[in-house]
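Heads up: the structure comes next, in structure tokens.
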2 protein chains.
Amino acid sequence: MAGNGNAGKAKTVSGKTATSKAVTGKTGAGTAGEAMAGGSTLEIRSDGTGNADILEAAAACFMEQGFSATSIDDVARRLGATKGRIYHYYASKTDLFFDVHREGMDRLFAAVETASAMPGTAGSRLARMLKAHALASMENHTYIAVVVQGVHMHRLAATTPAQRRTLDAVMDMRRRYERLFRSMLDTALEDGSAISESPSLTIKAALGAINWMSIWYRPKAGETAADREALAEQIVRPLRFGFEPRRG
Amino acid sequence: MAGNGNAGKAKTVSGKTATSKAVTGKTGAGTAGEAMAGGSTLEIRSDGTGNADILEAAAACFMEQGFSATSIDDVARRLGATKGRIYHYYASKTDLFFDVHREGMDRLFAAVETASAMPGTAGSRLARMLKAHALASMENHTYIAVVVQGVHMHRLAATTPAQRRTLDAVMDMRRRYERLFRSMLDTALEDGSAISESPSLTIKAALGAINWMSIWYRPKAGETAADREALAEQIVRPLRFGFEPRRG
DNA sequence: GGCTTACAACATACTCGGTAGTATGCATTT
DNA sequence: AAATGCATACTACCGAGTATGTTGTAAGCC
């Protein structure tokens with residue numbers, strides 16, 4: 001029963017001893033301990049028609065009220081639906097949250113990896129990545145707000161058994177993401193296109209400055225892509241050059 | 001009844017139509033619209049013997065689990081006490097949260113205002129303030145984690161009537177705090193001890209980078225004051241000089 | 001200095017609304 | 001006719017706030 005090849009419809013489940021719907025590892029026979037890129041341990045429906053709306057509504061609710069203050073009924077209400085619809089796709093509120101988180105991370109990865117493949121010195125590529133990160137954070141700010149919240153989810157959802165696994169996968173995703181920036185900085189340090197006394201903290205400072213946008217940034221009415229572009233540029237500039245005047 | 005000079009014991013209350021304990025504005029007859037530094041609209045006991053422990057426990061719980069996931073019983077359990085003790089001093093969970101928030105802001109103000117009074121160019125004083133902010137954030141990281149959460153409290157606790165006032169006071173405190181940095185940067189821009197194309201975003205980036213520490217920073221076992229000093233220095237440095245190499 | 005009174009500083013016991021999760025019903029599609 | 005894609009109805013529990021009881025202690029009185 002568990003592990004049949006039916007890849008058409010898999011409810012997002014985490015733990016539980018239930019009989020029919022407990023499907024923890026789905027895509028093929030995943031050996032425990034795998035950490036594939038992009039595909040976490042939890043899974044959604046294949047065609048994202050129904051879920052996209054749910055994800056969108058959930059992301060908005062989680063952003064506005066936070067995880068625990070958001071009720072499933074809140075999400076359903078925003079959808080113009082009821083709990084039944086949500087629980088048809090997700091086994092628990094936590095699973096829903098993690099799926100929003102995963103979606104957000106996916107979008108970040110896509111944006112930043114594209115930027116990292118651009119030509120130029122490692123230093124300028126790092127700047128591009130930071131700008132891409134800022135831009136993606138603005139364009140998907142509801143999802144990214146959830147991603148930010150997810151950092152705190154260390155002990156919170158550690159209740160269910162295999163739910164812990166999905167959380168580990170999410171945490172791993174975060175680490176890999178930060179490593180993307182870190183390794184680019186290391187390259188830049190080697191070829192002299194960047195300087196840093198403590199690369200780890202330099203990255204944390206830069207990413208922190210941008211992630212903090214999820215606190216204060218809200219899209220203005222009539223905001224254009226050019227506006228966001230300018231904003232991203234202006235938030236990255238002080239990180240590149242600092243506020244100390246340059247002489248020479 | 002309301003507004004008597006009894007400054008010895010005032011329960012922290014926000015709204016409510018209750019008879020005996022509704023004391024919203026206490027220190028003298030505060031005209032509505034005042035924005036005094038340090039003294040918010042809500043108030044605690046004068047001698048902080050009993051509350052200090054409550055604040056400490058509450059800050060720890062709020063940091064670990066967040067506001068809405070923390071129950072009053074959680075705080076009481078950490079205190080080795082019961083609800084009764086907490087509700088003896090605070091009228092609601094929200095009031096408790098705001099008091100932790102206020103305490104955190106008070107400590108930040110104290111640290112940064114001291115730093116801003118130091119000699120040197122405006123640019124170097126700004127750097128000192130940022131470092132002081134980082135240091136205070138580490139030394140009071142439980143409280144500061146609550147302060148960070150407080151940013152999201154816009155719509156959340158807007159339920160009770162006069163509770164809204166205390167929230168406004170808190171928000172005002174935050175703005176004044178950021179303005180401390182902003183005006184110092186403006187001074188530095190005038191005398192040429194700092195550069196910035198967009199002062200507002202430069203401040204947001206710098207403060208964001210440091211505030212983000214409340215996400216990843218946790219005191220190590222056996223950590224010394226010198227360790228924190230070094231950490232503060234290393235987090236501020238990239239903000240001053242950037243990661244782009246300086247020529248000349 | 002004893003006695004009482006009153007209040008502070010809690011603990012205990014209870015209410016009651018909200019919420020996660022479940023069970024089931026029902027229409028539509030395949 | 002079987003499964004999908006929901007909605008409706010129900011349960012069980014947790015948690016905020018309240019009401020009330022209990023103990024220590026300082027104050028007033030003689």
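The sequence lines fix the lettering, A, B, ..., with proteins before strands; numbering per chain opens at 1.
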For atom [atom1] of [X] and atom [atom2] of [N], their distance in whole Å:
| X | N | atom1 | atom2 | answer |
| --- | --- | --- | --- | --- |
| Leu96(B) | dG17(D) | CG | C1' | 14 Å |
| Asn51(A) | dC6(D) | CG | C1' | 13 Å |
| Ile86(B) | dC10(C) | CD1 | C1' | 11 Å |
| Tyr90(A) | dC6(D) | OH | P | 12 Å |
| Arg85(A) | dG21(C) | CZ | P | 19 Å |
| Ile72(A) | dT8(D) | CD1 | P | 17 Å |

Is any side-chain heavy atom of Met213(A) less than 4.5 Å from a side-chain heavy atom of Ser137(A)?
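Met213(A) vs Ser137(A): side chains apart.
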Select one nucleotide: of [options], the one nearest the side-chain heavy atoms of [X].
| X | options | result |
| --- | --- | --- |
| Tyr87(B) | dG21(C), dG15(D), dT18(D) | dT18(D) |
| Ser71(A) | dT19(C), dG15(D), dA9(C) | dT19(C) |
| Lys93(B) | dC6(D), dG21(C), dG17(D) | dG17(D) |

Please say which of His101(A), Glu56(A), Glu103(A) ends up in a side chain to side chain donor-acceptor pair (under 3.5 Å) with Tyr143(A).
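Among His101(A), Glu56(A), Glu103(A), the one that satisfies the side chain to side chain donor-acceptor pair (under 3.5 Å) with Tyr143(A) is Glu56(A).
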Tyr89(A) side chain N/O closer than 4.0 Å to the phosphate oxygens (OP1, OP2) of dT4(D)?
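No, Tyr89(A) has no side-chain N/O under 4.0 Å of OP1/OP2 on dT4(D).
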Does OP1 or OP2 of dC6(D) have a side-chain N or O of His88(A) closer than 4.0 Å?
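False: His88(A) side-chain N/O out of range (4.0 Å or more) of dC6(D) OP1/OP2.
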Ignoring hydrogens and angles, tell me if any N or O in the side chain of Asp95(A) forms a donor-acceptor pair with the backbone of Ala91(A) under 3.5 Å.
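Checking the backbone N and O of Ala91(A) against the side chain of Asp95(A), no donor-acceptor pair under 3.5 Å is found.
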For Asn211(B) and Leu207(B), indicate whether the former's side chain and the latter's backbone hold a donor-acceptor pair under 3.5 Å.
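Checked: pair present.
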Without hydrogens or angle criteria, can the side chains of Asn51(A) and Tyr90(A) be said to hold a donor-acceptor pair below 3.5 Å?
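Judged by distance alone, the side chains do pair up.
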Among residues at least two apart in sequence or on other chains, which ones pass ring pair (Phe, Tyr, Trp, His ring centres under 6.0 Å) with Phe109(B)?
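Phe109(B): ring pair (Phe, Tyr, Trp, His ring centres under 6.0 Å) contacts with Tyr177(B).
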For DNA chain C, which residues of residues 74-84 of chain A approach it to below 4.0 angstrom with any heavy atom?
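The stretch gives Lys83(A) as the residues lying under 4.0 Å from the strand, ordered by number.
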Face-on cation placement of Lys204(B) at Trp212(A) ring, 6.0 Å and 45° thresholds
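Checked: cation-pi criterion not met.
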